[in-house]
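To start, the structure itself, in structure tokens.
Everything numeric in this text was worked out from a predicted model, so none of it was measured. Values reported hereafter were calculated over all heavy atoms of this structure, with side chains retained and with hydrogens, waters and symmetry mates removed. Every number for a ligand or one of its atoms is a count from 1 in the order of the listing.
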Amino acid sequence: MGFLFAWTATPGVVEVVLLLLLLGAYRAFVSPRRAKFPPGPPALPILGNVLQIPSDSQEEVFTEWGRKYGDIVYIKIFKQPMIIINDLQTARDLLDKRSSIYSDRPRFVLLSELMGWSSASTHMRYGPRFRKHRRFINQVFNQRAIAALRPLQEKEILVLLEGLRDTPADFVDHFRRYAAATILKITYGHDIVSVDDLFVRLAERAGTLTVEAGSPAANMVDFFPIMKHIPTWAPFSAFKVKALVTRTAVEAMMRIPYEQVVADMKSGTAVPSYTSTLLEAHRGPAGALSPEDEEDIRGSAGTLFAGALSPHRLPCTCADSDFIAAEDTTIASLHTLMLTLLQYPEEQRRAQREIDEVVGPTRLPTLADRPALPYLESLLKETIRLNPMVPLGLPHRLMEDDTYRGFHVPEGTNVLANIYAILRACADPDAFRPERYLEDDTLPDPFSVIFGFGRRICPGRHLAETSYWTIGACVIAAFDVAPAAHAGDAGYGFTTGFVRHPKPFKCAITPRASTLTALIEQARGELPPGA
Ligand code: HEM
């Protein structure tokens with residue numbers, strides 16, 4: 001200090017000190033490029049943090065990093081910056097409140113540019129075309145509009161209950177059939193009898209090939225886009241050959257159901273659907289459609305359809321990770337619920353007692369009963385809190401430099417919301433305790449977290465939530481779910497990937513009352529005509 005005083009006494013030094021102070025202030029407040037990045041694990045030159053990211057249970061490692069480094073963790077995948085948001089306040093501050101700059105998606109070279117998913121709404125870069133897709137989808141899936149879809153949901157739930165009654169061992173197939181039947185009817189007006197339907201097979205083929213062609217090695221093209229130009233005869237081009245085969249399957253999945261609707265509209269046999277409604281609305285005076293509108297209607301319909309049967313198919317932003325998971329979110333939510341019910345029989349019984357008291361033995365529960373069933377609501381919330389289906393959401397991309405809590409976040413940063421960590425911000429987070437929601441109404445509602453954030457929030461959330469609630473209520477009311485007698489001792493667990501679902505397990509699903517068939521028939525009789 002003494003030295004500084006001596007130094008400042010020298011003529012001209014005051015000016016120098018002032019200059020240094022100004023420079024410091026400029027660096028701190030005006031020149032964000034020089035500001036510090038959020039904390040994170042130390043990165044290696046060139047590789048960044050690639051070697052520290054495990055292929056399994058990334059959400060758990062990111063949660064651990066959150067404990068160590070804070071609510072925002074900064075890492076690099078090669079030279080690609082990424083932040084991981086580990087708490088709700090930060091997710092709301094950045095992804096919701098600053099959604100005008102946090103709503104882009106990363107560039108998906110493998111998926112969009114090589115495999116042909118470029119018209120999928122999930123992958124769309126932020127801009128007018130993205131907004132057009134959201135407008136299309138919101139017309140049918142907004143909270144008010146989905147009330148019109150309820151009779152369809154209820155009808156398909158009755159078929160699902162019959163399936164569980166007749167062939168309980170195939171419970172996952174019954175969930176798949178439900179997801180396929182509802183989304184195909186809504187999107188293309190198409191009825192299916194079983195999952196062995198042409199459209200379902202097209203979606204599953206496109207999905208399976210996408211997973212197979214999306215190995216970690218193939219994902220390198222997302223970080224080094226120049227690789228996409230490799231000729232297919234050259235060494236190391238196997239990833240591109242597979243991607244191009246996948247492209248044919250993706251195009252067929254998008255094109256064939258769409259063309260069926262166009263043909264049905266021509267012959268006057270089309271059933272009103274998402275696709276037919278948009279085709280009607282966008283026809284010019286001469287009946288023609290612009291190529292862009294045609295592409296966007298086909299692409300957004302294909303996204304809804306593919307998203308329901310195969311997962312929200314997006315590549316991993318982490319080079320050495322599983323590409324994506326292999327099942328859809330709706331199926332994963334129901335599959336997770338069955339696992340939870342068999343693991344927590346006491347809680348299952350308590351929800352059954354509540355339903356018995358409120359609904360009684362003479363009918364099945366409906367959405368109208370929801371406010372009167374607080375314990376059931378808590379059980380359904382606690383199930384998805386403990387095991388959210390999309391634990392890391394889908395990556396957003398920051399569109400311009402930003403500063404948050406004094407940290408610099410550069411333009412082009414990929415942003416992951418760690419939904420898994422966000423939902424663990426409560427007492428005793430690893431315990432299954434539905435009553436936590438009855439005891440503390442300040443806890444964040446998992447339904448407001450699991451569908452993501454901001455302008456990219458899942459547009460299918462209202463449909464998904466009502467399906468999950470109604471199926472959960474009916475299954476718990478109608479069946480006892482317990483471990484299967486010969487289930488083996490492989491243990492229970494979850495797959496890793498963007499969509500998390502239980503590893504295969506067996507369970508016993510037994511009707512609680514001999515009146516189940518009559519209850520299903522009665523509910524069918526109460527459906528509106530034409531449902
Ligand atoms: C339990 C079921 C579901 C869960 C947990 C779920 C979750 C999510 C999440 C986390 C995102 C990313 C949000 C973000 O980027 O912040 C998303 C996006 C999306 N979801 Fe879902 N979803 C579900 C069901 C559905 C259904 C049934 C549909 C279709 C009817 C659907 C259509 C979409 C679409 C089109 C996007 C992309 C939105 C965009 O990029 O702007 N989802 N979903």
Heavy atom under 4.0 Å from ligand 1: found in F453's side chain, backbone, both, or neither?
backbone

For M389, the ligand 1 atoms whose distance to one of its heavy atoms is below 4.0 Å:
1 (C), 5 (C)

With respect to atom 42 (N) of ligand 1, which of C458, G454, G460 exhibits the smallest heavy-atom separation?
C458

Near G452 (heavy-atom distance under 4.0 Å), the atoms of ligand 1 are 10 (C), 13 (C), 16 (O)

Candidate list Q153, R150, Q143, test side chain to side chain donor-acceptor pair (under 3.5 Å), partner T466, passing option
Q153

Distance in Å, S100 OG paired with E400 CD, rounded so as to fall on 0.5 Å steps
7.0 Å

Does R105 have a non-hydrogen atom less than 4.0 Å from ligand 1?
yes

N/O separation below 3.5 Å, L463 to ligand 1
no

Based purely on interatomic distance, does R456 place a nitrogen or oxygen under 3.5 Å from a nitrogen or oxygen of ligand 1?
yes

Using the side-chain contact (heavy atoms from CB on, under 4.5 Å) definition, which of the options V262, V261, T275 pairs with I297?
T275

Would you mind listing which atoms of ligand 1 come within a distance below 4.0 Å of any non-hydrogen atom of L304?
29 (C), 30 (C)

Is the F505 ring parallel, tilted or perpendicular to the F171 ring (thresholds 30°, 60°)?
tilted

Classify the angle between the aromatic ring planes of Y468 and F447 as parallel (below 30°), tilted (30 to 60°) or perpendicular (above 60°).
perpendicular

Would you say R134 has any N or O atom under 3.5 Å from an N or O of ligand 1, going by distance alone?
yes

Just to be sure I'm reading this right: ignoring hydrogens, which of M124, H396, R455 gets closest to atom 14 (C) of ligand 1? Compare them by their nearest heavy atoms.
H396

Output the list of atoms in ligand 1 that are nearer than 4.0 Å to some heavy atom of S121, sorted by atom number.
40 (O)

Closest to atom 23 (C) of ligand 1 (judged by heavy-atom distance), picking from L149, T329, T303:
T329

Are I183 and ligand 1 in contact, using a heavy-atom cut-off of under 4.0 Å?
yes

Ligand 1 atoms nearer than 4.0 angstrom to some heavy atom of I450 are 5 (C), 7 (C), 10 (C)

One pair to check against salt bridge (Lys or Arg N to Asp or Glu O under 4.0 Å): R456 and D104. What are the steps and the verdict?
CA-CA 8 Å; R456 302 303 300 225; D104 200 4; 5.1 Å; no

Taking only non-hydrogen atoms of F141, do any sit less than 4.0 angstrom from ligand 1?
yes

